[in-house]
Amino acid sequence: PRLMLASSVSPDGATLVAWTILGSSDLMQITLNDGVGRPLIQTPFVERNGEVSPDGRWLAYESNASGSFQIHVRPFPGIDRGQWQVSTEGGTQPAWARGGQELFYLAPDGTLRSVRVERGTTWAAGTPAKLFDRPYRPWTGASGPSSRSSNVCSTFCRQKLPLRACTCENPLPATRR
């Protein structure tokens, strides 16, 4: 068995997206009604933190195929129909806005970036923009900073506050989806 971390569930609740954390790091999809898992994106590079868009049409993830981690998007579930790099200067931890028309990620300098996404039958996105001048500092409480704690912040911001009002500079209460 492979050790995996879940990163997203499709909007219809039928598919779990996870990534393997030992050995090669690839994205997997697990059909929840039968528990069967199969490779989603499997390359010699690291792919992780796959996030399905709210409309279920796109998969955002991070990959180091270019030599540094960048944010990529592919159609979902038919990932072979295209691939687009969204970040321009590196990026990790993608998160979709609730409406699916904005994709957020962390830049290498620690700042939160945003990319506008156009609705349509093909992928179209704007230029990444820095949301805040200060670095985003995820915090999980007594255990300290965590690379996956940004999901707590992004989930909290998407569900509780207009995103631009959420600075994510202070600890947030842990919430469960």
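Bear in mind the structure is a predicted one, so any value in this text is a computation, not a measurement.
- Counting heavy atoms from C-beta outward, Leu40 and Met28 have side chains that stay 4.5 Å or more apart.
- Across Gln70, His72, Arg48, a single residue satisfies side-chain hydrogen bond (donor to acceptor under 3.5 Å, both in side chains) together with Glu62, and that is Arg48.
- Here Asp55 pairs with nothing under the salt bridge (Lys or Arg N to Asp or Glu O under 4.0 Å) rule; sequence neighbours left out.
- Trp19 has its side chain out of reach of Tyr61: every pair of non-hydrogen atoms, C-beta onward, lies at least 4.5 Å apart.
- In this structure, Trp58 and Leu103 have side chains that are not in contact, with every pair of non-hydrogen atoms separated by 4.5 Å or more.
- For the pair Leu59/Leu27, a side-chain contact is recorded, criterion being any heavy-atom separation below 4.5 Å from C-beta on.
- Once rounded to the nearest 0.5 Å, the distance linking CD of Glu47 with CD1 of Ile79 reads 9.0 Å.
- Note that CD of Gln83 is 7.0 Å distant from CD1 of Ile41, once rounded to the nearest 0.5 Å.
- At a cut-off of 3.5 Å, with distance as the only test, a side-chain donor of Arg113 or Thr111 sits close to an acceptor on the other residue.
- For the pair Val86/Trp123, a side-chain contact is recorded, criterion being any heavy-atom separation below 4.5 Å from C-beta on.
- Looking only at side-chain heavy atoms (C-beta outward), Ser87 and Phe69 stay at 4.5 Å or farther from each other.
- In this structure, Leu16 CG and Ser8 OG are separated by 8.0 Å, a value rounded to the nearest 0.5 Å.
- Annotation for Glu89: atom CD does not count as buried by contact number, only 12 or fewer foreign heavy atoms lying within 6.0 Å.
- Two residues are said to be in side-chain contact when any heavy atoms from C-beta on lie closer than 4.5 Å; Pro94 and Ile71 meet this criterion.
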